[in-house]
Engineer: 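Would you mind keeping the following structure in view while I ask a few things?
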Amino acid sequence: MDKNQNFGGSFARKLKGALWQFRNDTDASFVAPEADYVSRLYFPLMNEAGMKCSVTPELKGDIASSFAHYLTPATGTEELHRNMSNRNFWICVEGKQPWSVSGNSALQRANKWTEAKDYSEVEGHLGCFKLIRESKETGIRAESSIFVPATDDLVEVMLVRIKNISDQEMKLTATAATPVFARHPDNFRDHRQVTSMFQKAESRKHGVEVRPTIVHDEKGHSINTTSYFVLGFEADGSAPEDIWSSLNDFIGEGGSLDNPEALSRKLKPAQNQDILASGREAIGAFRFAEKSLKAGETVHYIVLHGIKEKGQNPDHWIKEYGNLQSCKNQLDKTLKHWQEVSGQVLFETADKNFDQWMRWVAFQLKCRQIFGNSFLPDFGYGRGGRGWRDLWQDLLSIFLIDPAGARNEIINNYRGIRIDGSNATIIGNEPGSFVADRNNVARSWCDHGSWPLFVTEFYLHQSGDYDMLLQELPYWKDKFTHRSRKTDELWKEDQGTQQKDEDGNVYQGSILEHILLQQLSAFYNVGEHNNLLLEGADWNDTLDMAREKGESVCFHNFYGYNFGALAEILQQLKEKGTGSIKINEESLILLDSLNPATAIDYQKPEAKQKRLNEYFDQVQHQLSGKKVDVDIDSLIQDLLAKRHHIREHIRENEWISSGENEGFFNGHYDNNAQPVHGFKKDEIIIDLTSQVMPLMCETATKEQAKMAHKAAIKHLGDKESGGLRLCSEFKEIDLNIGRITGFVYGFKEHGSKWMQQNIMFMYGLYKRGMYDEAYDLFKDIYQINTDSAHAKTFPGIPSYFEPGNRGSYAYLTGSSAWMMLTVLTQMFGLRGYHGNLMLKPALHPEFFDQKGLAAVKTAFQGIQLHFSIHNPKRIDPKNITEMNLKINGQEAANQSAEKNCFIVAKSQLEDLCTQNINELELCIN
Ligand code: G1P
């Protein structure tokens with residue numbers, strides 16, 4: 001990129017087109033010139049040890065190791081332009097004004113819209129954020145590389161390279177300055193000054209350690225055991241000369257972080273730094289020795305931000321990161337690590353940009369695993385845990401990347417289910433640590449029980465690991481019963497959070513039993529229109545005010561699908577020799593058709609509710625502990641009857657005809673038991689998710705699927721720039737529906753272009769064989785996401801696009817999992833089928849290169865595959881009539897009767913896959 005092009009001329013980025021472009025064809029790194037002219041931009045940095053940081057083109061953003069442990073003040077999006085706190089690094093050149101490598105000086109700000117502005121550029125690497133900033137006036141080019149090492153250390157490293165770009169020798173001194181917060185983000189507003197008084201600062205050889213005495217918590221304060229460090233090093237490991245721990249002493253009375261008195265007036269730190277800092281706000285600031293740099297010469301500095309438990313010595317950090325050589329080694333290792341992680345599934349298509357963009361999608365999956373829905377600037381509502389439905393959906397693609405880890409996670413998550421089929425909504429990082437609700441409101445989300453089975457079904461197909469279902473696990477127990485409608489007065493905290501039986505023993509049931517109870521509890525929990533009660537909300541969190549009479553037809557579809565899936569899973573177990581299934585005796589009444597005396601009429605919602613309450617009453621405190629054997633065939637029949645009932649009910653009762661050959665599904669009922677969707681005052685009210693689910697869950701007939709798709713495009717499609725809105729407009733606030741009706745139209749759940757549902761729709765269209773429609777939607781989605789001039793986000797998928805196609809809530813969205821899943825398992829068509837390998841490509845001819853080739857590198861059951869599709873005639877996927885497959889050069893046998901599908905038996909796959917990387921060549925003839 002020709003830097004000079006960007007000097008002078010116009011200042012506003014919007015005149016310059018794309019925000020970023022890939023630097024080459026291979027490592028997915030990108031360059032974004034003048035990224036500091038875009039607001040709200042941020043980039044995640046993390047490691048598996050739990051370090052969680054965000055960084056912006058002004059080196060703002062925060063540094064944390066958990067929700068209770070923030071080294072810097074937590075920074076929400078709106079704080080980014082309001083505060084001056086950052087990882088600042090100053091260069092004072094003799095005879096010039098102090099200059100900040102992050103542009104964070106009063107003078108640089110003043111010059112931002114003038115010819116005297118700096119030039120800046122961001123380089124994004126998987127695992128490292130690099131800010132380049134040049135000032136002709138100061139004669140300096142600074143390159144600041146920030147990364148979180150891929151180690152067990154809770155540190156963030158900033159490596160700064162300073163180059164003299166003037167034609168004269170210069171004298172300079174460098175000063176680092178990071179304000180230290182060292183506590184829980186709640187204390188940002190709550191008791192900020194009080195909690196400062198707990199802070200003790202200590203200047204060390206290389207910088208500053210801040211250690212609060214107490215963790216402030218009005219429920220019961222505790223002793224703090226965590227230390228927060230800011231340390232500095234020269235290239236050879238030398239320590240800084242002057243150290244400030246007192247923020248006030250550094251900025252000066254009446255001073256500010258963008259114009260600190262100590263820099264402007266070249267002051268030395270006051271003698272009694274630590275006394276000045278203790279009990280007050282701290283900073284990790286230090287000045288390095290003066291240097292002389294000839295024209296063209298460079299000098300390096302390292303700033304380390306770290307978090308440590310008491311008693312742990314930070315000395316090894318000095319060895320690992322505290323000089324240029326070791327720091328560079330760590331950076332190389334980190335970059336390599338993230339190349340590996342993002343390259344677990346590697347696409348090779350005709351569009352190299354797409355292939356690289358997918359690496360950032362893979363990176364996002366890891367972000368979600370580590371950050372959950374908290375920490376990054378847009379996620380100001382998160383409180384550190386991971387939400388139930390998100391966690392499950394993420395697993396879908398984690399199977400593709402880290403199958404072994406995902407198995408343990410599934411098992412652990414099943415422990416969060418209550419005996420009434422509801423579940424904890426937040427899962428902590430420790431195995432078995434669950435929370436009823438983030439805000440302590442007693443509620444159940446009606447969709448929650450649907451995700452685990454969907455995900456488990458996928459896992460079983462991928463792995464063939466059916467035995468897992470029989471593993472026994474406890475249930476989670478707290479005071480809430482009857483799907484949070486009642487509380488168990490007999491339960492006390494000291495009884496523990498595991499469900500007990502009458503004898504006081506922890507009750508254990510199979511994973512299969514856990515799954516069954518989730519589906520059955522939802523099946524009977526219907527409202528007056530005989531659809532699933534909406535309860536707290538469904539996937540759409542903002543349909544949250546119809547808690548008594550609201551219904552979610554939308555997720556009723558999902559449970560319907562699940563009953564069919566469960567029946568198929570049981571069929572597999574049966575074929576593997578299981579004749580009966582053990583379940584707790586209380587739940588037998590929910591399998592009503594097993595005994596003619598207990599069978600109920602599914603057309604009667606009251607009968608369903610009555611039955612459910614009978615069960616809830618029986619298990620509200622404890623279980624008998626007795627188990628009964630249920631014949632597997634009878635169980636399958638019972639589940640299929642339930643599947644059939646839900647499907648027919650929705651097809652017949654929730655279809656809204658909007659003209660000849662036109663129609664769509666109603667998705668919800670409000671708290672007055674009125675349908676939300678349909679014709680309202682001559683307008684059509686329609687919801688995207690409510691079309692996605694019947695399609696995906698195969699409730700919609702073929703004709704209905706076509707019409708629902710057409711209606712979604714017609715009523716929700718953005719005619720100008722593509723993509724689908726999440727719903728049509730609610731013109732009036734309606735507290736019988738929820739807060740969705742209060743958002744300005746076009747934002748958030750109220751009609752923004754929500755990526756997750758766009759992608760799930762695409763997934764559903766592929767699944768239903770509607771390849772042309774699916775590809776059209778793919779093109780729109782890809783275009784909106786990569787049109788960075790409008791999206792104003794770095795590569796990846798944000799949660800949604802607001803009016804003007806600006807991306808919002810970047811990185812931590814479940815969309816990444818659905819995108820990975822769709823591209824690999826539907827477009828490339830590589831997925832498991834009861835443990836065998838299925839190849840059913842639906843890739844549009846445009847993906848094939850000049851030779852007619854497209855490929856993906858991935859693993860299946862631990863076997864590394866390089867799967868290439870040869871399509872020299874560029875046959876459209878819907879016209880495929882003949883395919884043959886070679887595995888490492890040998891012809892493979894097809895177990896599928898379908899013409900466009902190839903199934904390789906697991907045994908044959910194992911026999912033929914003898915290499916480290918195995919070549920699978922599928923030829924479309
Ligand atoms: C977010 C939340 C998810 C919720 C959805 C819709 O999803 O994380 O729990 O279901 O909004 O309200 P996203 O699409 O951003 O992953």
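It should be emphasised that the depicted structure is a prediction, and the values quoted were computed from it without experimental measurement. One-based numbering, in listed order, for ligands and for the atoms of each.
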Engineer: Do any nitrogen or oxygen atoms of ligand 1 lie under 3.5 Å from a protein nitrogen or oxygen, and which ones?
Structural biologist:
from     : atom 1 : to     : atom 2 : distance (Å)
ligand 1 : 8 (O)  : Asp390 : OD1    : 3.4
ligand 1 : 8 (O)  : Asp390 : OD2    : 2.9
ligand 1 : 9 (O)  : Arg389 : NH1    : 3.0
ligand 1 : 9 (O)  : Asp390 : OD1    : 3.0
ligand 1 : 9 (O)  : Asp390 : OD2    : 3.2
ligand 1 : 10 (O) : Arg389 : NH1    : 3.1
ligand 1 : 10 (O) : Trp539 : O      : 2.5
ligand 1 : 10 (O) : Trp539 : NE1    : 3.2
ligand 1 : 12 (O) : Trp539 : O      : 3.2
ligand 1 : 12 (O) : Asp541 : N      : 3.2
ligand 1 : 12 (O) : Glu749 : OE2    : 2.5
ligand 1 : 14 (O) : Trp754 : NE1    : 2.8
ligand 1 : 14 (O) : Gln756 : NE2    : 3.0
ligand 1 : 15 (O) : Ser799 : OG     : 2.4
ligand 1 : 16 (O) : Gln756 : NE2    : 3.3
ligand 1 : 16 (O) : Thr813 : OG1    : 3.2
ligand 1 : 16 (O) : Gly814 : N      : 2.6

Engineer: Just how far is it from atom CE of Met820 to atom CD1 of Ile797, taken to the nearest 0.5 Å?
Structural biologist: 9.0 Å
Engineer: When you check the gap from the basic side-chain N to the acidic O, do Arg647 and Glu654 get nearer than 4.0 Å?
Structural biologist: no
Engineer: In plain terms, say whether Lys792 and Asp787 are close enough for a salt bridge, that is, a side-chain N and a carboxylate O under 4.0 Å apart.
Structural biologist: no
Engineer: Show me, pair by pair, the donor-acceptor contacts under 3.5 angstrom made by side chains of residues 515-522, not counting sequence neighbours?
Structural biologist:
from   : atom 1 : to     : atom 2 : distance (Å)
Gln519 : OE1    : Asn562 : ND2    : 3.1
Gln519 : NE2    : Gly449 : O      : 3.2
Gln519 : NE2    : Ile515 : O      : 3.3
Ser521 : OG     : Asp420 : O      : 2.8
Ser521 : OG     : Arg483 : NH1    : 2.6

Engineer: Show the nearest heavy-atom pair for residues Lys549 and Tyr669, with the distance to one decimal.
Structural biologist: O-CB, 4.5 Å
Engineer: With a sphere of 6.0 Å drawn around CD1 of Ile733, does it hold more than 12 non-hydrogen atoms of other residues, nucleotides or ligands?
Structural biologist: no
